[in-house]
Structure formats: C-alpha cells, structure tokens
Amino acid sequence: MEMKFEPIGLPGVDPQRPFIITGPCSAESEEQVMETARSIANNGIKIFRAGIWKPRTKPGGFEGVGEIGLQWLKRVKKETGMYVSTEVATRDHVFAALKAGIDVLWIGARTTVNPFAVQEIADALKGVDIPILIKNPVNPDLELWIGAIERIYSAGLHRLGVIHRGFSSYDKKIYRNLPLWHIPIELRRRLPNLPIFCDPSHIGGKRELIAPLSQQAMDLSFDGLIIESHCNPDCAWSDKDQQITPDVLDYVLNLLVIRDVVQTTENLSELRRQIDGIDEQLLELLAKRMRISREIGVYKKEHNMPVLQSSRYSEILDKRSIIGEAMELSTDFVKDILTEIHEESVRQQMIIMGNER
Ligand code: PEP
Ligand code: MN
C-alpha cells in the first residue's frame with residue numbers, strides 16, 4: 001500500500017533532530033505530574049508524555065490513574081505550554097483523550113500486536129487530524145508493525161511516526177527488550193518518509209542504558225527520542241529502573257553527538273569506493289568457486305558419486321569457522337555465509353547431474 005506521510009508538524013517544535021518527548025511512565029498524582037512537567041519545560045522540552053491507562057503484564061500492578069489523569073495533562077498544557085501525549089489502547093481511551101485536547105497519541109507495543117485493537121482505534125480516529133505514534137509490536141514482526149501503520153493511515157491520519165521500543169525475548173540479558181536494530185532499519189528502507197523515534201527506556205530497562213541507546217539511535221539517523229523521566233524515579237509506581245530525572249535527561253541530551261544525516265564527506269566516499277571494490281572481488285571469487293564446484297560436479301557424475309557428501313560439508317564449516325574467528329569474523333556469520341554458498345554449490349552440481357531442483 002502506497003502511503004504519503006505528512007510531517008508531525010507541531011508549531012513551535014524545532015524540526016531539527018532529535019525530536020524529544022519525555023515525561024513519566026505513568027501519571028501518578030497531580031503533584032508528581034506537575035513537578036516533573038515544570039522541570040521538563042524549564043529544560044526547553046516541548047512535548048510531555050505520561051501514561052494514563054497502563055497495560056500491565058499481570059493484574060494487580062499499577063494500571064494507571066485513568067481519566068482523572070487527563071485533567072492533570074490539561075493543566076500541564078495550560079501552565080507550561082508544552083504539547084501533551086498519552087497512550088491509547090481502546091475506542092474509549094481515544095474519545096476521552098480527544099475530548100481532553102491531548103495533542104499526540106501513541107499506540108503501545110501490546111496493542112500494536114492486535115489488529116482488532118488497532119482497527120478499533122483507527123475507526124475511533126476517523127476524520128481527526130492528530131499525530132499518532134505507533135510502537136513496534138512486542139514480537140519482532142515488521143509486517144505486523146507496517147499493518148498497524150496502514151490501518152491508522154487508511155483512517156485518514158497521515159501525521160504518523162513510529163516508536164522503536166525493542167522486542168520481547170524469553171531470556172533477558174543486557175536489554176529488557178532486544179533492540180534488533182535491523183528491523184527499524186528495514187522499516188526506514190520500506191517507508192523512508194516515516195519519522196522513527198527510539199524509546200531507550202523500554203529497550204534498555206535500565207537508567208544507564210539510556211545514553212548509549214540514544215546515541216546509537218542518533219547514529220542510525222532516527223528522528224527522535226521518547227524517554228521516560230520522573231521527578232523522583234526511585235519512587236515511580238511503574239518502570240522505576242528505567243526512569244531518570246529531568247535534569248539527568250538534560251545532561252544526557254546535551255552529550256549526544258548528532259551527526260549529519262547526509263554524509264558527503266570526501267573520506268566517506270573514499271571508504272565507500274573501497275567497499276565497492278571489495279564487493280566486486282567477493283563476487284568474482286564466488287563465481288570462481290562455483291566454476292570449480294561445477295567441475296567437481298562433472299567428476300562426481302563421471303564416477304557415479306553422490307552430490308552431497310556431508311562429512312566434507314561439516315569439515316568445511318568447522319575449519320572455516322576457526323579461520324574466521326582468527327580474523328574477527330563471528331562463527332555464526334561464517335557459518336551462515338558458508339551454508340548459503342554450499343547450498344548454491346549443491347544446486348549447481350544437481351543441474352550437472354541432470355536433477356534440476
Ligand atoms: C510506555 O510507554 O510506558 C509503555 C507501556 O510502553 P510499551 O508499549 O513500549 O511497553
Ligand atoms: Mn513505561
């Protein structure tokens with residue numbers, strides 16, 4: 001489906017990277033919302049976030065303050081002049097948020113996974129002109145993410161953006177949610193004009209990962225960041241390990257290095273020329289390898305030998321992985337490449353044998 005996105009376009013918000021949205025994971029009390037918002041506004045931030053309805057993994061956790069929180073967001077807007085944003089997951093959330101004059105809505109990761117829920121939100125938004133940010137689904141499924149974008153777009157909302165918040169995995173190691181950067185990178189390739197935000201709070205799940213993940217997102221030319229900040233993170237009612245104070249956030253943002261998106265420097269073109277040359281050599285070598293492989297095919301045919309000799313294949317994989325490792329190439333990478341090459345070799349030998357696959 002062809003989509004033509006429009007800029008998120010909030011008057012007074014600098015279109016320069018990075019576009020910043022920040023505020024607490026959850027609105028907890030009017031005081032906590034106002035205190036956090038005042039510090040954020042004092043640091044020059046233009047868009048405030050706070051969750052009002054919180055989807056929790058298990059019942060019994062803090063599930064959000066509900067509609068009363070919308071009144072606190074209205075107060076933030078009135079007293080600080082910031083735009084305000086919150087998460088919506090149902091038709092009723094959409095109606096309540098629109099009624100309260102919320103400026104930007106986002107769809108959470110647990111909602112994006114469900115096409116029925118996304119469609120319900122899209123239907124509720126029909127004919128409304130408001131920016132919507134769509135978080136990636138919890139599972140690493142790019143098509144499902146694009147499907148959600150298409151549903152909202154088809155309802156007539158074209159001021160869209162996406163939020164990369166990482167993907168669930170069974171074993172948690174460094175990250176709360178694996179970044180799997182290749183997924184948002186592929187999304188950028190498929191939908192080049194769609195702004196991408198990174199949510200380092202939910203990817204990392206830890207305060208100390210916010211700065212490095214934000215830098216990585218900037219180095220990958222993401223457009224913005226949505227970061228959780230709280231006036232008293234240690235006492236936050238949800239996601240306390242991944243929230244920082246507005247002042248720490250200010251410090252983190254000031255340290256970010258924003259590199260030009262269009263890289264035209266002479267150095268880079270020189271390096272790219274080298275890469276082009278190496279790729280050509282790789283292809284020539286592959287072609288040469290296949291020629292030899294076909295000769296082996298002819299020999300096998302003449303001597304009535306089978307194409308596949310698995311002991312030879314295992315030997316190739318093992319020996320090459322050791323060599324690769326010594327050259328700083330990961331074992332998995334070497335194995336993947338050799339598996340592909342071997343597959344093609346077998347295919348070409350099968351042709352020679354007369355058993356085309
Ligand atoms: C949130 O932004 O607080 C949230 C619930 O995020 P996610 O949908 O990414 O888990
Ligand atoms: Mn959160």
Side-chain angles (χ1 to χ4, degrees), residues 1-11 13 15 19 21 47 49 51-55 67 70 73 83-168 177 180-199 202 217 221-226:
M1 171 178 165
E2 171 102 35
M3 291 185 276
K4 274 210 163 124
F5 302 106
E6 285 161 24
I8 289 181
L10 296 168
V13 178
F19 196 114
I21 303 176
I47 308 170
R49 66 149 279 159
I52 300 293
W53 300 283
K54 301 302 297 180
E67 282 197 32
L70 294 171
L73 289 181
Y83 291 100
V84 291
S85 62
T86 199
E87 172 176 349
V88 288
T90 67
R91 175 191 302 117
D92 291 344
H93 294 168
V94 171
F95 292 149
L98 293 176
K99 193 161 157 233
I102 304 300
D103 303 289
V104 177
L105 304 178
W106 82 82
I107 298 180
R110 293 164 193 76
T111 306
T112 309
V113 284
N114 181 348
F116 289 126
V118 175
Q119 192 57 51
E120 177 181 309
I121 294 171
D123 293 342
L125 284 167
K126 214 161 248 162
V128 181
D129 181 25
I130 186 173
I132 311 287
L133 305 176
I134 302 165
K135 285 198 163 193
N136 64 257
V138 284
N139 55 326
D141 184 342
L142 178 61
E143 299 311 319
L144 189 58
W145 196 2
I146 294 179
I149 299 162
E150 290 183 354
R151 283 177 199 279
I152 302 295
Y153 184 90
S154 301
L157 291 104
H158 298 174
R159 293 160 72 196
L160 302 186
V162 291
I163 300 172
H164 168 233
R165 50 78 79 197
F167 303 89
S168 282
N177 291 296
L180 306 181
W181 294 103
H182 62 281
I183 296 182
I185 290 170
E186 174 61 10
L187 181 63
R188 162 70 30 108
R189 195 187 64 77
R190 300 262 297 267
L191 303 172
N193 299 318
L194 180 64
I196 304 185
F197 289 72
C198 178
D199 176 343
H202 288 90
S221 308
F222 280 32
D223 304 272
L225 299 167
I226 176 164

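Here the structure is a predicted model, which is why all the values come from computation and not from measurement.
Looking at residues two or more places apart in sequence or on another chain, you find no side chain to side chain donor-acceptor pair (under 3.5 Å) involving R91. Residues forming a ring-ring contact (aromatic ring centres under 6.0 Å, His included) with Y83 (at least two apart in sequence, or on another chain): none. Every residue was checked against the side chain to side chain donor-acceptor pair (under 3.5 Å) condition with H164, not counting sequence neighbours, and none meets it. Applying the salt bridge (charged side-chain N to carboxylate O under 4.0 Å, His left out) criterion to K126, with sequence neighbours excluded, gives D123. The salt bridge (charged side-chain N to carboxylate O under 4.0 Å, His left out) search around R151 returns none, not counting sequence neighbours. With sequence neighbours left out, the salt bridge (charged side-chain N to carboxylate O under 4.0 Å, His left out) criterion links R159 to D129. Applying the salt bridge (charged side-chain N to carboxylate O under 4.0 Å, His left out) test to R165 and every residue at least two apart in sequence or in another chain returns nothing. Under the side chain to side chain contact (heavy atoms under 4.5 Å, CB included) criterion, N139 pairs with V113, P137, D141, L144, not counting sequence neighbours. Qualifying side chain to side chain contact (heavy atoms under 4.5 Å, CB included) partners for T90, counting only residues two or more places apart in sequence or in other chains: D92, H93, E120. N193 meets the side chain to side chain contact (heavy atoms under 4.5 Å, CB included) test with no other residue; sequence neighbours excluded. Partners of P55 according to the side chain to side chain contact (heavy atoms under 4.5 Å, CB included) rule, which considers only residues two or more places apart in sequence or in another chain, are E87, R110.
In this structure a side-chain-to-backbone donor-acceptor pair under 3.5 Å is missing from R190 to I146. A donor-acceptor pair is defined here as one N or O able to donate and one able to accept, closer than 3.5 Å; such a pair exists between the side chain of T112 and the backbone of K135. In terms of modelled atom types and a separation under 3.5 Å, the side chain of N136 and the main chain of G166 share a donor-acceptor contact. Listed for the N177 side chain is a donor-acceptor partner under 3.5 Å among the backbone atoms of H202.
For residues 96-151, no residue pair satisfies the ring-ring contact (aromatic ring centres under 6.0 Å, His included) rule, not counting sequence neighbours.
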